[in-house]
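Taking it in order: structure first as structure tokens, then the write-up.
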Amino acid sequence: MKVLVTGGLGFIGSETVVALLEAGHEPIVVDNLCNSKIGVIDRIETITGVRIPFIQADCRDKEAMDKIFSSYQIDGVIHFAGLKAVGESVKLPLKYYENNLLSTLVLIQAMEEHGCHNLVFSSSATVYGDPGELPLKETTPLGTTTNPYGETKKMIERILTDYAHVHPEFNIALLRYFNPIGAHPSGLLGEDPRGIPNNLLPYVAQVAIGRRDHLNVFGDDYPTPDGTCIRDYIHVLDLAEGHVATLNKLNENPGLVIYNLGTGKGTSVFEVIKAFEKASGVKVPYVVAPRRSGDVTANYANVDKAEKELHWKAKRSVEDACRDAYNFQKANPEGIA
Ligand code: NAD
Ligand code: UDP
């Protein structure tokens with residue numbers, strides 16, 4: 001398939017481009033580089049031997065999107081493009097609603113006009129809010145989100161669901177990612193946050209190479225076995241492969257489908273630190289800090305539906321992901337140029 005990958009130079013997008021190439025697809029990337037670097041294209045070429053077509057454009061730019069659909073016979077779109085920093089979304093809500101909602105609306109309009117009917121959307125487990133039941137199933141009612149970023153995901157899910165009702169010719173997959181971590185084993189691709197990392201793994205990796213002094217563990221008084229929060233951490237390569245499996249599913253014309261992409265296994269913050277230390281051989285100094293507002297105690301996925309319908313399963317461990325994240329951080333102490 002010729003697959004348009006929006007946000008395809010970012011953390012998950014770039015790994016997915018590699019997975020698409022390895023599966024024999026032809027990815028075409030559009031990215032405005034607001035949170036990624038052009039050098040990622042060279043790195044994808046080093047890994048796969050393929051120079052991917054790249055268009056630097058904003059998905060909110062209808063003219064630019066029209067031009068892409070006119071230039072390439074696109075069979076399907078994977079829509080990663082979006083802003084994702086939870087804390088920033090609280091400070092700058094309009095920026096988040098504008099970017100994430102408008103880019104999706106413009107994309108759908110362009111797809112409709114150009115007769116492209118297969119879409120995979122990057123949603124998030126954040127749409128479940130503070131879970132009443134665990135593990136989370138796709139049928140678990142959505143909860144109250146705690147920040148504008150999460151709300152954009154919930155709103156876009158609703159928009160795409162409403163749209164799919166009246167456009168039966170469209171196939172749309174809403175993929176609810178749990179916590180993507182890790183990096184490409186080559187050390188060439190990985191998470192490269194600007195400024196101080198918000199997420200646990202990039203922060204731990206920066207502490208491990210000495211770029212930061214210590215990790216703050218946000219709360220050790222949660223009602224969990226060791227007192228720290230529990231998440232479902234999934235290796236980004238497993239997640240990338242989940243997208244390839246989802247494209248195959250869309251070829252069966254299923255209409256609107258929803259899948260949790262996780263491992264089904266919960267891991268605490270302290271367990272992540274231990275796994276990282278074991279995988280890297282490096283001590284990760286930490287101090288226990290107050291809880292971070294908006295954090296839920298625990299969430300992890302029920303992945304039965306994805307396994308059964310996508311014939312896909314996460315294969316890699318948290319320790320594998322920690323090893324790959326450490327190697328990436330060591331090889332790129334200041335990120336990707
Ligand atoms: P990322 O920031 O690394 O990648 C997103 C890419 O989109 C970047 O390269 C950025 O430059 C680009 N972009 C943003 N707005 C754009 C626009 N208007 N037009 C064109 N390009 C634009 O993020 P990621 O971690 O790879 O996440 C990809 C998607 O998955 C996002 O939608 C994110 O919300 C979602 N998601 C991420 C996580 C996570 O923990 N990383 C979890 C759940 C869902
Ligand atoms: N966390 C932490 N210190 C950090 C960053 C995160 O203790 O510097 C904790 C956070 O409280 C949460 C877990 O690690 O329990 C995962 O946080 P992350 O931001 O990576 O993911 P999310 O909150 O989106 O699940």
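In listed order, ligands and their atoms are each counted from 1. Heads up: numbering here begins at 1 and tracks the sequence. Quick note: numbers below take in every heavy atom, side chains included, and nothing from hydrogens, waters or symmetry partners.
Using bins of under 30°, 30° to 60° and over 60° for the plane-to-plane angle, the ring pair His243/Phe80 lands in the tilted bin.
Protein heavy atom in closest approach to atom 5 (C) of ligand 1: Gly82 O, 3.9 Å. If you check which protein heavy atom lies closest to atom 27 (O) of ligand 1, you get Ile12 CD1, 3.7 Å. Scanning all protein heavy atoms for the shortest distance to atom 16 (C) of ligand 1 gives Asn32 ND2, 3.5 Å. The nearest heavy-atom contact from the protein to atom 8 (C) of ligand 1 is Asp31 OD2, 3.6 Å. Atom 24 (P) of ligand 1 has its closest protein heavy atom at Lys84 NZ, 3.8 Å.
Side-chain contact of Tyr72 with Glu26: a donor-acceptor pair under 3.5 Å is absent, judged by distance alone. Looking only at atom types and distance, the side chain of His235 has no donor-acceptor partner in the side chain of Asp320 under 3.5 Å away. Between the side chains of Ser122 and Tyr177, at least one donor-acceptor pair of N or O atoms lies under 3.5 Å.
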Which protein N or O atoms sit under 3.5 Å from any N or O of ligand 2? Give atom names and distances.
from, atom 1, to, atom 2, distance (Å)
ligand 2, 3 (N), Asn216, O, 2.7
ligand 2, 7 (O), Asn216, O, 3.4
ligand 2, 7 (O), Phe218, N, 2.9
ligand 2, 11 (O), Asp295, OD2, 2.6
ligand 2, 17 (O), Arg292, NH2, 3.4
ligand 2, 19 (O), Asn199, ND2, 3.2
ligand 2, 19 (O), Arg292, NH1, 3.4
ligand 2, 19 (O), Arg292, NH2, 2.8
ligand 2, 20 (O), Asn199, ND2, 3.3
ligand 2, 20 (O), Leu200, N, 2.9
ligand 2, 21 (O), Asn179, ND2, 3.1
ligand 2, 23 (O), Arg292, NH2, 2.9
ligand 2, 25 (O), Asn179, ND2, 2.9
ligand 2, 25 (O), Arg231, NE, 2.7

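Between Glu157 and Ser123, the closest heavy-atom pair is OE2-OG, 2.6 Å.
Qualifying salt bridge (charged side-chain N to carboxylate O under 4.0 Å, His left out) partners for Glu138, counting only residues two or more places apart in sequence or in other chains: none. Qualifying side-chain contact (heavy atoms from CB on, under 4.5 Å) partners for Leu92, counting only residues two or more places apart in sequence or in other chains: Glu88, Lys95.
Heavy atoms of other residues, nucleotides or ligands lying less than 6.0 angstrom from NZ of Lys137 number 12 at most.
The one candidate from Asn251, Thr246, Asn253 that meets the side-chain hydrogen bond (donor to acceptor under 3.5 Å, both in side chains) condition with Asn171 is Asn253.
Residue Glu191 places no N or O, backbone or side chain, under 3.5 Å from any N or O of ligand 1. Ligand 1 has no nitrogen or oxygen under 3.5 angstrom from a nitrogen or oxygen of Ser103. Ligand 1 has no N or O atom lying under 3.5 Å from any N or O atom of Phe178, backbone or side chain. For ligand 1, the polar-atom distance check finds no N/O of Ser123 at less than 3.5 Å from any of the ligand's N/O atoms. Annotation: Asn99 places an N or O atom under 3.5 Å from an N or O atom of ligand 1; distance criterion only. No N or O atom of Asn199 sits closer than 3.5 Å to an N or O atom of ligand 1. Any N or O atom pair closer than 3.5 Å counts here, and Val30 shares no such pair with ligand 1. Taking only nitrogen or oxygen atoms, main chain and side chain alike, Phe11 reaches within less than 3.5 Å of ligand 1. The distance criterion of under 3.5 Å between nitrogen or oxygen atoms is not met by Pro180 with respect to ligand 1.
Listed by atom number, the atoms of ligand 1 under 4.0 Å from Tyr149 heavy atoms are 33 (C), 34 (O), 35 (C), 36 (N), 43 (C), 44 (C).
Relative to atom 32 (O) of ligand 1, the option among Tyr233, Phe80, Phe121, Tyr96 with the closest non-hydrogen atom is Phe80.
In this structure, Ala125 has no heavy atom closer than 4.0 Å to ligand 1. Using a non-hydrogen distance threshold of 4.0 Å, Leu33 registers as a contact of ligand 1.
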Please tabulate, one pair per line, all N/O donor-acceptor pairs under 3.5 Å involving side-chain atoms of residues 209-221, not counting sequence neighbours.
from, atom 1, to, atom 2, distance (Å)
Arg211, NH1, Pro333, O, 2.7
Arg212, NE, Gln206, OE1, 2.7
Arg212, NH2, Gln206, OE1, 3.2
His214, NE2, Asn216, OD1, 3.3
Asp221, OD1, Arg291, NE, 3.0

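Proximity of Ile68 to Ser71: side-chain heavy atoms (C-beta onward) are nowhere separated by under 4.5 Å.
With a 4.0 Å cut-off on non-hydrogen atoms, Lys153 touches ligand 1 through its side chain and not its backbone.
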Could you check Glu271 against Lys265 for salt bridge (charged side-chain N to carboxylate O under 4.0 Å, His left out), going step by step and ending with a plain yes or no?
CA-CA 12 Å; Glu271 286 170 337; Lys265 188 174 168 293; 5.7 Å; no

